[in-house]
Amino acid sequence: MPNLAAIMRQVLHALLPVECAGCGVALGDDPIPFFCRRCWEGITPLRGPACSRCGHPFASPVALRYSPAHLCSACRLRPPAYTRAWSSYAYAPPLREAITLFKYKGKVALADALGDLMCAAWPGAPEVDLLMPVPLHPARLREREFNQSLLLVDRLNRRLRLPVSCHNLVRRRQTPPQTELTRQQRRKNLRRAFVVMRPDKVAGKRILLVDDVFTTGTTVNECAKTLRKAGAADVYVCTLARTL
Amino acid sequence: MLLPLTVAFVTGLWLGSYTPYLPITVFLLLALAVITLTVLEVIGRLTAARSLALYGGLLAGVLYWSLFMWVAAGTPAVSQAGPSSVRIVGRVVEPVRHSPGRLVTVLALSSLGEGNTLRPAEGRLRLTWREPDRDVRQGDLVALVARLREPSGTLNPGGFDYAALLKRRGIDGMVSASGPGALSILEADAVPFRWWPWRIIDGWRERIRRAAETALNGPALGIFLGIIIGESGYLDPTVRDAFMATGTVHILSISGSHLGLIAFLSFFLIKSGCRRLPTVWLEGLSRHTTPTRLAVIVTVVPVTFYTLLAGAEVATVRSLVMILVFLIAVWLGRDRHLLLALAGAALLIAVHDPRVLFDISFQLSYMSVLAIALVLRWASREDRNGDPDPGLPRWRLGEWLRDYVWITGAVTLVTVPLVAYHFNQIPWLGLAANLIVVPLAGGILVPLGLGSAIWLLLSGGSTLPAGPLNQALLNMTAAVVEMLARVPGAEWHVASPAIAGIVIFYVLLFAAVRPSESRRIRWTGTLGVALLLIWWSWSPRAVPDGDTLRVTFLDVGQGDASLLELPDGLTVLIDGGAAYDTLDMGRAVVAPYLWDRGIRRLDHVIGTHPQLDHVGGLPWIVRSFEVGHYWGNGLPRDEVFYHRLQEALRARGLVEEVAREGQTLVGSGPCRLLVLNPPVSIPTGQSPGSTKAGGSLLNNLSVVTRLDCGPQSFLFTADVETDALFRLIVRGRDIRARVLKVPHHGARSSLDVHWIERVHPDSAVISVGGHNPYGHPAPAVLVAYARGGVRVLRTDRHGAIWMTARLSSPTIDIHATREELPEPVPVGVSMLHTERRNLARLWTEWVGI
């Protein structure tokens, strides 16, 4: 027997039809908002060889054959402030469409589905004491109405069950969006953009920093730097997707 | 899929409404649809699934209509209509509507009988109580003694069919009570529980109404009650006409626009309020829900409250449904699909009651919302083209203004055919007036008034808060609208467009605005729309051919109104029906008929004698049409309607010219209109008084005219009684006529068999209202004409009667409105015959020729 929720979704989609943001097919009783089952199931975690620091994927497994802790050139030249960064998925269609809808079009209905993806791919490795989202500037928050990273943290925390701190790390400068900038500009753009309000609360803590997309890692690195300066013992980074 | 499915279903319902009259045609059209869809499918223009959905929707519509009407017809009608009063007991089941000195509501009948012998009965009655001395609320069980009447209204070609409207609203009969104590409330303590919530709301409405009545006056009171609690009965008709002429009448009732504005205000206040919360709070909130979603949820409260306060009328609830569907779409983040949400809402509403498709208010509000949705979609597409980055906020006032002007224009344009069809008007001024009035009403008047009302309810006082402010702003709005309505040509009246023309208009409009069409098609569409608009605005008269004349006896209820259209294009109106406080026959019947005929000038208007049922409707006619001469019998009356008439004449620079025996009112051309009564010896200026004797004297002095056009002759005898009839014989003038307007609505006091023999008409028309209190026409009168072999036509039975005749031929074609209505096709031999006749009848309505 199909369950009631599926029937309701079917009826709703008949009344307010919606097409899959990935492939354009009309949705039936598909459980994920805005995406058909096929597209959503096509989102698979990244499993290839990657930099053991920032998670940057390597082209071939040869890179890790002799030293499993091999670092990418960027990490070797300029070691990031975080201890380890994971990215669960590639920032590619249809996940890219999902994140755009979620973040820029305010489709918060996708938070659960994206959070589930994050939980499913959680490596489960390090012991941490505290979860933290990458903060938004208040002006951006007012405009967007929510902090996408915080929503992801909340979903992830359904599995991890750890304390969440979302007001300690704040963004004090309103910076232009990172999307259009080069790595150099990004770094400059974000310099001293973050600040820790209560350093005593992070001192000696192992912190897991969560964000939606990892592009060059500048944002999370800047946050990690700020947190480390404030006394954090370790900063790990978990992002939903990363550009390749 | 939903959009084509809805269109198919609605088309099916529409076709279904014709099945009783044109079963064969509908069947053939359905077969044609199968063929068309199959061909489209074969040549690959349509997928199989889509064509199946289209056809399924169409067929479902036809069947659903038939099924629905079959079920609806199952409710027992009241068959107790008769001349004698009965005791009626019933429960008030709809919100009570008030106007000064009168209340109207609907009773669900529980028992009926004479004296103490009550029997259980079923049915819904419309109750009117004049001069009530107590309030009535929903759920009250009331008893009264009154005459039960069938739903009735006037029946004129192209006119508004009030009886059909009442039947559509499920009204089986009408009763009225008059004076204090006429209604008694039974079992006041035993009102069923389910009525309690409604009674609480009725209590609120009552308190708001009382407070407003003491705090406000003039147009302010009427507008306030209209926009806050949906009581439309307090507004002066002339103010309403000003709103009508400027295309802003929609702001006077709580329909979609106010509800939508309140939803909009509440949504954006909450949303932006939340966004301005301290960051920590906002972030805390956003972990559970977003400000947008919170605003959606909270907005449901004021919108529902407002709907309830408005009496939860069907039209308001319909708007509420549309708004709720839209809010759900926003909640789900599907607001880009506004059109689909609208289609869904239409489907819900049509399934609930398909008869709504023929409801003016539904058509208007739905078309307006559709236009708004299309403009917004188009605007958002433009935005996306120009601005790929939805990043930082920008100053959007310019865009808002642009969209707003576009929306006003679009709404005015898409509603033009409907307003022209139902109200014979093109409110072109609405383009400008709405730009001012809608923000004023939606942004200030409604929020302020609603705020005052809520404060009043919460504070428990009895004076309306901010009364003077409300008064000033409302009166200012009325003044602005009245000023706009005085712009020359603001009230532009037109003939009702033919339905085929309206369909073509929408098809062309669709072609003109559809972005995917080629430039050539879009230009053709635009040109076609423009040409249709020009044609409708012009509404020309049929060119007089110098041979045909047409005489119409309008159905104005109890009263007279006859229109003469002569072969050379001259027009003469003899009397204009009555005008009561809620119904002016001049405005409701005579004027629309004139507009429909393309008549904007009346060469002669004759007010046969100063009685309400003859000249009551004339002031409106005199004010709204160009009048050449006004003729009367020169006798004044000290009555309100008489003073109104004189005032209207003065305002148009006319004087009442006195008609006396022997005068020729129309002499040039092929026809002659000759006055036969009153005699020359009667002095003017003496009022005959309002006694019964005075009334009889006045009747005998009414203006009798005779029209001669070649072989045709018509005798219009107004209200003359036997004295004057006798005198007409004695004077020895030719009174023989082929068509006679029977004197005095067929009263016994005007019966002279000898006189009828002298006139020797082929046909006689009795202009009379159904169930009138005078017992007109008297049975003896009917017998006398029947004995004389005269064909008698009655406006109460046949509706308006029009006759066309030619100078070149002796025949007169007589048409009765009732006989021009399509009749249900019986199963059997005469099927094809009836269907052919129905097609011919509907052809006129459709094509207008």
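Please read all numbers here as calculations on a predicted model, not as lab measurements. Reminder, nothing fancy here: chain letters follow the sequence lines and each chain counts from 1.
The neighbour count for A:Arg159 CZ, taken as heavy atoms of other residues, nucleotides or ligands under 6.0 Å away, is above 12. When the shell of 6.0 Å around OH of B:Tyr506 is examined, it contains more than 12 heavy atoms from other residues, nucleotides or ligands. Within a 6.0 Å radius of CZ in A:Arg198, no more than 12 heavy atoms belonging to other residues, nucleotides or ligands are found. The number of heavy-atom neighbours closer than 6.0 Å to CZ of A:Arg158, taken from other residues, nucleotides and ligands shown, is above 12.
A salt bridge links B:Lys271 with A:Glu145: the closest approach of a Lys/Arg side-chain nitrogen to an acidic carboxylate oxygen falls below 4.0 angstrom.
Residue B:Thr6: no heavy atom, backbone or side chain, is found under 4.5 Å from chain A. Of the two parts of B:Arg276, only the backbone, made up of N, CA, C and O, holds a non-hydrogen atom closer than 4.5 Å to a non-hydrogen atom of chain A. In this structure, chain B has heavy atoms under 4.5 Å from both the backbone and the side chain of A:Asn147. Residue contact with chain B, scored on non-hydrogen atoms closer than 4.5 Å, involves the side chain of A:Leu150 exclusively.
In this structure, the side chain of B:Arg275 engages the main chain of A:Glu143 through a donor-acceptor pair within 3.5 Å. A donor-acceptor pair is defined here as one N or O able to donate and one able to accept, closer than 3.5 Å; such a pair exists between the side chain of A:Arg142 and the backbone of B:Leu277.
When all heavy atoms of B:Thr279 and A:Pro138 are compared, the pair lying nearest together is OG1-CB, 3.8 Å.
Interatomic distance, CZ of A:Phe146 versus OG1 of B:Thr289, reported as 11.0 Å (0.5 Å rounding). A distance of 13.0 Å separates OG1 of B:Thr292 from CZ of A:Arg144, quoted to the nearest 0.5 Å. How far CG of A:Leu151 is from NE2 of B:His288: 10.5 Å, rounded to the nearest 0.5 Å.
A:Cys166 places a side-chain heavy atom less than 4.5 Å from the side chain of B:Arg287.
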